[in-house]
Amino acid sequence: MRFFKLIVLSAFLIGIAVGGGAYYMAGKEAGPTITIHSPEKYVGRSTPLAVSIASETELAGTIINVEQNGKAVDLQNMKMDRPGPGQINASATIGRDGLVNGPATLVVDAGRKTFFGLRTVYSHERRELTVRLDPPRVSVVSIHHFINLGGAEFVVLRATPEDVDAGVQVGDARYRFYPGSAVGITDPAMRVGFFALRHDQNVSERISAYARDAAGNEALVPLEHQPFVKKFVQSKIPIDQRFLDRVVPAIASNTPDLKIDTGSPEGLLKGFLKINGNLRKKNGDFIASLAEKSEPRMLWTEAFAQMMNSQVESRFADRRTYYFDDKEIDRQVHLGFDLATVQQAPVRASNAGKIVFADFLGIYGNCVIIDHGLGVQSLYAHLSQIGVKVGDAVTKGQEIGRTGSTGLAGGDHLHFTMLLQGTPVNPVEWWDQHWLQDRVLRKITEAGGSPPGGQSR
Ligand SMILES: [Zn+2]
């Protein structure tokens, strides 16, 4: 009997020990997963706060606070969504109401139930924040802004504080500006740059100077300007079987992911439409991505040079309708100039700069792109030969290749375009020394700068 009691007692004690051990161990388990989605670092006048807390068991004791100067700020608009017992999505807008400029800390404490709901285990997260409630300031310094549809214009801005992004916004597009030091302006508040009015935008598009700081505070002022409508040419492009036979297989073999069937006339026509549509778009996106490689200084001072003795076969933003067997098959906009002289004529750099692309590029065939700094680039397409490589510095007039008919080209010619932060713009302005003098260099000089001279890097 005593022996039996001893067993019961032992079992009881083991039970306590095991249970206690389990209870103790449960306390060592990980707390819920806390994820702070925003803010990243800066809090502006109105900044979203988003925190999610997740656990496989029921959550308990959640506290989300923004602390500043030793006190928790009242987050009145905090919303706590609970899609399940183990999930909380918290959101609020923080900033002007309750916070002041300076450091702050986001503190998140969250617990979850464990050991049959008898214990709670916690997680803690903190994030150091910087509160910036003063909006940046921006004003337009340069005067006389004229903008052609499809063209570009230069502007000098003043933006403070010094670390804000500033530039010009044209409808849905933003053109980020460069420090004035890029053109010899010593005042650190000055910014310079070009903006474009795209050929497919409205001539009455709203154009503003903007400044935006790291906390998302923004200032916007209208840019006084005079826009000019530009009529673009409508043209008909007849496509025949001979053209498809020559052009489509060459591009198809260089672009296997288009999966073009080159074995039949129907396949070639379908392939042409893929090339003229999808590939044109893809190539355009790639070209736009090269804008970020632009140097933050002006690498040129003279007007750009049009190819010597060339005949203009097609202009910027021609609206092209394509026909096959007298039936309309496609429409595209031609975003450059087609210039023809003789076969395999030398192609020269239109201005000083640095090669950022020199390779085969879909519809453009063998293609060279030169960066001239300040977001300005020039493109040369359909070359038979490329004579430069990425990274080469070129001078104005230096030979960079030979004309040809590679890519989507009907015959030997140079397709030339100017790009502004990746947006094709009308080269005519850039070829005009008077335009450069009056619209760009004048504004730099008036702002106390001096465009760099004699580039031969
Ligand atoms: Zn062209």
Side-chain angles (χ1 to χ4, degrees), residues 150-151 198-200 230 232-240 243-244 246-248 250-251 254-255 272-288 290 304-324 329-350 357-370 377-386 400-420 422-431:
R198 279 199 321 266
H199 72 93
D200 59 349
K230 191 114 171 62
F232 299 118
V233 176
Q234 308 276 342
S235 63
K236 289 185 174 184
I237 308 283
I239 298 291
D240 60 17
F243 174 79
L244 297 182
R246 184 178 68 76
V247 163
V248 175
I251 297 177
N254 273 295
T255 326
F272 167 76
L273 293 173
K274 269 191 196 173
I275 289 167
N276 207 32
N278 307 7
L279 187 58
R280 180 184 295 274
K281 168 87 177 68
K282 195 175 148 195
N283 294 156
D285 292 347
F286 171 76
I287 290 167
L290 295 173
F304 285 68
Q306 183 175 353
M307 192 189 201
M308 277 200 283
N309 305 318
S310 61
Q311 190 158 352
V312 174
E313 293 189 323
S314 184
R315 288 167 199 280
F316 181 78
D318 283 2
R319 270 55 184 161
R320 289 179 162 179
T321 308
Y322 296 79
Y323 292 86
F324 187 80
I329 52 165
D330 204 5
R331 287 184 187 202
Q332 297 293 340
V333 181
H334 180 250
L335 295 172
F337 261 69
D338 287 348
L339 305 166
T341 55
V342 293
Q343 290 208 354
Q344 306 205 354
V347 173
R348 303 185 182 281
S350 60
F357 184 81
D359 205 345
F360 187 88
L361 180 63
I363 68 165
Y364 298 96
N366 292 322
C367 178
V368 171
I369 299 176
I370 304 177
Q377 296 175 333
S378 58
L379 175 148
Y380 312 76
H382 309 311
L383 308 182
S384 55
Q385 295 167 43
I386 292 177
I400 56 170
R402 293 284 171 137
T403 62
S405 52
T406 54
L408 203 55
D412 190 303
H413 75 280
L414 171 68
H415 173 96
F416 175 81
T417 200
M418 292 296 298
L419 297 157
L420 176 58
T423 296
V425 289
N426 199 336
V428 169
E429 296 173 338
W430 302 85
W431 285 331

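Just follow the structure's listing: the first ligand is 1, and inside any ligand the first atom is 1.
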For the ring pair Phe286 and Phe357, is the centre-to-centre distance below 6.0 Å? yes
Counting only protein N, O or S atoms and ignoring waters, those under 2.8 Å from the Zn ion (ligand 1) are His334 NE2, Asp338 OD1, His415 ND1
Tell me whether the centres of the aromatic rings in Phe337 and Trp431 are closer together than 6.0 Å. yes
Just wondering, are more than 12 heavy atoms of other shown residues or ligands nearer than 6.0 Å to CZ in Arg315? no
Do any N or O atoms from the side chain of Thr406 and from the backbone of Leu383 form a donor-acceptor pair under 3.5 angstrom? yes
Short side-chain donor-acceptor distance under 3.5 Å, Ser378 and Tyr380: yes
Chi angles and distances behind the salt bridge (charged side-chain N to carboxylate O under 4.0 Å, His left out) call for Arg198, Asp200: CA-CA 5 Å; Arg198 279 199 321 266; Asp200 59 349; 2.8 Å; yes
